[in-house]
Structures are given as structure tokens and as C-alpha cells.
Amino acid sequence: MSTATAATSPTATSATSPAARHDVVSAAPLRRGARIESIDGLRGLVMLLMLVDHTREFFYYGHQVADPMDLTTTSPGLFFTRLAAHLCAPVFVALTGLAAWLYGARKPVMATSAFLVKRGAFLIALELTIVGFAWSFTLSPATVFLQVIWAIGWSMLALAALVHLPRVWIAAIGVTIVVGHNLLDPITFAVGEPGHAVWAVLHDRGFVDLWEGTRARTSYPVLPWIGAIALGYAIGPWFAAATAPKTRVRRLWMVAAGLLAAFCVLRGLNGYGDPTPWIGGATPLLTAMSFLNVTKYPPSLDFLLLTLGGGSALLALWDSRSPRWLAVLGSAPLFFYILHLYVLHLVQIAAGAVTGAAGVDIPSVGWIWLIAAAVLGPLWLATRSFATMKRKSDRWWMRYL
């Protein structure tokens, strides 16, 4: 989870690479250590929706279906609860790219690249250790799930290479990946074939054998997320001090309108953009659910158009009036992410100990939201305290948290 700090160095970029010089006119978004509240607010909303979705995974297991987006087995309440969480990963990855530009404004491009390499490697290691343990509470799980922190880590490593290019090239690469990666859908490798493991990591969600009795599940193939982080980086100068707020908001609304319109057209045509076509249902509600049922693993073009379009609209809407309580959650997102997993898992275990069962089988989707609301208060207070401590600290390693 990348820093949203708009910290900059007082050193100009005129002596750095062409890619760095390309952005010099848009330098220094804010004073050193300042934060952009609309970014933190949107990140906070992502944290909130993620909390709800993970509460579902820990407490709704008695009613779980193979896929909460499968219209043949899911209820509308469960469907829309899961649909809301679709906003989380693409918006957060794009904001990570945006934050990378803010971090690197007026810094030598090599310094930005080095930070992205170290931060990306740190996140990958975190997924394989602390985050993975939070889900399983076992040191030797049969399946190692490579999820969103893993994908963000690899996306940051890719961005570390891309930042050496002019920003317009980075934008073009991001658009090409996001728009074109579904052309790769027919390419598959059977287990054991050369290239299977690499392709499972890049694009084709699947299992990779690690050692006897252990395998990895590439829940988040990384190629589309590299496109998303590149697009986030490309709009970084819109948040610089040299850009008038009205100009930034107008651009964000234009992007939102363009992405959402493209989604409606492509989805309506039922052709390229998503491997799962929509069909008319017995009721208007079922038809709408089918239309919105886009593919997340890996994220299809339609999925990214819908979610990034919605994220752009929220950034525009909150440019000067982001909910401050949400901004608290977004000011230390990695801390919140790790903490909420451990809290939810421990609450699940405690509830099981009280009831004498393996866990608490909550009766309805409404209870998912109630449990999430109950744990949100303590999580919010802890996150606020940590964010305050991080802001006051001058220790270099705090940037990674």
C-alpha cells in the first residue's frame, strides 16, 4: 500500500533523466509532508468496502457460494455487497501509481525507481509472510494465496522500470495493457507445461506447484494491474500545485465520463471486453445484475472501465470536500489492511470459543455490514493513532508502513 504523501525534495529535476525533466513543469504538489485529502478519502472508502468484503469471507461461510457473483446461486444482497468491493483493487492500484508520481515529484528518477523497487519487494515479502499468516493462522498452509498485496508489489516493480520513460509513453503502455490484455485470454498452458507458472502469475489465474504438499494460487495475475498502476502514475501532474483545481476536476470528470460511457457501449455490445457475456434475466433486477457481472480474475477491460471510471468520479467529487473520517483510514492504509485481517480472524475465533462452534454462522447479508461496523470504530482509532505517529516520525522505515 503506497504512501499518499506528497513529499518532495527541494532539488530541481533539471539534472535528471529525460523522463524526470518531462514533469518538471508540474513539480511539487504541496509542501513537504502534506497530504491530498481527496486521495486519502478515496483510499479510505476502499478500506471500508474491503473491510465489509473480508467480513463476508470470515463470517458468512455458512452461506458461502462458489462465487458471490454467480447469478444462479447468489442473492441480490450478496451480489451487490461483493460488487461494491470490486472498486477496491483497481482504485487502490491506480492510486498507488498516482502516489508514486507524488513521491517522485522533483526527485531524481533513480531515487523514485529505487524506492519503488524496495517498496515492491517489501510488499511481496509481506504477502508471503504476515498477510498470508493473517488469513490462515498456520505457518505451513497447503495453499499459498497470492493476492492483492502481491499484485501491488509486482506492479510497483514494473513501475520502477517504467518511470525511466517519458510520462506519455507510460500512459500509452498503461492504455495498451488495460485495453488489450483480453486478447491474451485464449492463451493457456497446462499444468506442467513450460511457461505455465509464468503465465499463471502474469495473466491466467491458476495453481502453481511449489513443493510437496504445497501450491500457490495466483489469485491476482499481475499484468492488468501493471496497466492500472501506469495509468495512475500518468495522471500524477494533475495533482500538482501548478494545476488549477478546476482544471483537475474537469479532467477527472472527463475521464470518468469517458470510461463509464466506454463500459456501457462495450458491455452493451456483448463482444470484446469481458469473457462473460450478459444476458437478459426474468426481471429487470436480474438483467442489471448480469450486465454488471464483470470479470475480476484477471480484471477484464469492462471491469477496469467500470471501477476506474467510478474512482475518477469520486476523486472529482471529493476534490475539495472529501469525508475526513474516511481520509483517516486512507492515511495509513497498509497498517489498516494488516490490522483488520488479524482483528477479523481473532474475533471469529473468539466468537467460536463463546458459542462452542467452529465459528459464528451469521443469518443474513445484513449481519456482514453490522459486524464490519462494529469493528470499524476500534480500527479507525488505531489507524488514526498510527497515522499521527507516522506523520511525526522522521525514521526512514516508516515510509514503508
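Source: prediction; values computed, not measured. The figures that follow rest on heavy atoms only: side chains count, while hydrogens, waters and symmetry mates do not.
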**OP:** Keeping the roles fixed (side chain from Asp204, backbone from Thr188), state whether a donor-acceptor pair exists under 3.5 Å.
**Re:** no
Original post:
Does a sphere of radius 6.0 Å around CE in Met254 hold more than 12 heavy atoms from other residues, nucleotides or ligands, not counting ones at 6.0 Å or beyond?
Top reply: no
Original post:
Heavy atoms, side chains only, cut-off 4.5 Å: are Leu202 and Pro221 in contact?
Top reply: no
Original post:
side-chain contact (heavy atoms from CB on, under 4.5 Å) between Phe80 and Thr74: does it pass, once the steps are laid out?
Top reply: CA-CA 10 Å; Phe80 285 105; Thr74 193; over 6 Å; no
**OP:** Would you name the heavy atoms of Ala256 and Ala313 that are closest together and state the gap between them?
**Re:** CB-N, 3.6 Å
Original post:
With distance as the sole test, does Ser385 use its side chain to make a donor-acceptor pair with the main-chain N or O of Leu381 at under 3.5 Å?
Top reply: yes
Subject >> Contact summary for Leu231 and Ala171, nearest pair of heavy atoms >> reply: CD2-O, 3.8 Å
**OP:** Kindly confirm or rule out a cation-pi arrangement of Arg217 over Phe145, judged by NZ or CZ under 6.0 Å from the six-membered ring centre and within 45° of its axis?
**Re:** no
**OP:** Go through the steps to decide whether Tyr272 and Asn182 satisfy the test side-chain contact (heavy atoms from CB on, under 4.5 Å), and finish with yes or no.
**Re:** CA-CA 8 Å; Tyr272 181 77; Asn182 281 125; 3.5 Å; yes
Original post:
Got His340 and Met47 here, is their nearest side-chain heavy-atom distance under 4.5 Å?
Top reply: no
Subject >> Geometric cation-pi criterion Arg43 and Phe92, 6.0 Å radius, 45° cone >> reply: yes
Original post:
So do the side chains of Pro141 and Thr143 get within less than 4.5 Å of each other, counting heavy atoms only?
Top reply: no
Subject >> Side-chain (Arg167) to main-chain (Ala234) donor-acceptor, under 3.5 angstrom >> reply: yes
Original post:
So, Thr388 side chain and Arg384 main chain: donor-acceptor pair closer than 3.5 Å or not?
Top reply: yes
**OP:** Would you give the length of the straight line joining atom OG1 of Thr55 to atom CH2 of Trp367, rounded to the nearest 0.5 angstrom?
**Re:** 13.5 Å
**OP:** Starting at CD1 of Ile149, measure out to CD1 of Ile152 and round the result to the nearest 0.5 Å.
**Re:** 4.5 Å
Original post:
Just wondering, do Asp209 and Thr214 contact through their side chains at under 4.5 Å, heavy atoms?
Top reply: no
**OP:** Report yes or no: does Arg267 contribute a side-chain atom to a donor-acceptor pair with the main-chain N or O of Phe291 at less than 3.5 Å?
**Re:** yes
Original post:
Checking His181 side chain against Pro224 main chain: does a donor-acceptor pair fall under 3.5 Å?
Top reply: no
Subject >> Where Leu260 and Gly310 come nearest, the two heavy atoms and their spacing >> reply: CD2-N, 4.0 Å
Original post:
Where do Thr112 and Gly104 come nearest, in terms of heavy atoms and distance?
Top reply: OG1-CA, 3.2 Å
**OP:** Verify, without hydrogens or angle tests, whether Trp318 (side chain) and Glu37 (backbone) share a donor-acceptor contact under 3.5 angstrom.
**Re:** no
Original post:
Hey, is the main chain of Val328 close enough, under 3.5 Å, to the side chain of Ser331 for a donor-acceptor pair?
Top reply: yes
Original post:
Can you list the steps and then say if Ser290 with Thr287 is a side-chain contact (heavy atoms from CB on, under 4.5 Å)?
Top reply: CA-CA 5 Å; Ser290 180; Thr287 299; 5.8 Å; no
Subject >> Nearest-0.5 Å distance that lies between atom CG in Asp302 and atom CZ in Phe263 >> reply: 6.0 Å
Original post:
Does Trp278 use its side chain to pair, donor to acceptor, with the backbone of Asn270 at less than 3.5 Å?
Top reply: no
Original post:
Can we call the ring centroids of His54 and Trp135 under 6.0 Å apart?
Top reply: yes
Original post:
So, the side chain of Gln348 versus the backbone of Phe58: is there a donor-acceptor pair under 3.5 Å, distance only?
Top reply: yes
Subject >> Approximate separation, where rounding is to 0.5 Å, of Ser364 OG and Trp369 CH2 >> reply: 13.0 Å
Subject >> Audit row: Thr218, Trp150, side-chain contact (heavy atoms from CB on, under 4.5 Å) steps and yes/no >> reply: CA-CA 9 Å; Thr218 57; Trp150 156 275; 5.6 Å; no
**OP:** Would you give the length of the straight line joining atom CG of Leu305 to atom CG of Leu259, rounded to the nearest 0.5 angstrom?
**Re:** 6.0 Å
Original post:
Can you tell me if Asp274 and Thr295 form a side-chain donor-acceptor pair at under 3.5 Å?
Top reply: yes
**OP:** Check Leu341 against Ala134 and note the closest heavy-atom contact, atom names and distance.
**Re:** CB-CB, 3.7 Å
Original post:
Taking C-beta and beyond as the side chain, do Val191 and Phe207 meet within less than 4.5 Å on heavy atoms?
Top reply: no
Original post:
Does NZ or CZ of Lys118 come closer than 6.0 Å to the centre of the six-membered ring of Phe122, within 45° of the ring's axis?
Top reply: no
Original post:
Looking at Tyr220 versus Trp225, is the centre-to-centre ring distance below 6.0 Å?
Top reply: yes
Original post:
Roughly how far apart are Leu51 CG and Ile368 CD1, rounded to 0.5 Å?
Top reply: 11.5 Å
**OP:** Go through the side-chain N and O atoms of Trp380 and Thr383 and say whether any donor and acceptor fall under 3.5 Å apart.
**Re:** no
Subject >> Over all atoms of both residues, closest heavy-atom pair of Ile170 and Val163 >> reply: CD1-CA, 3.9 Å
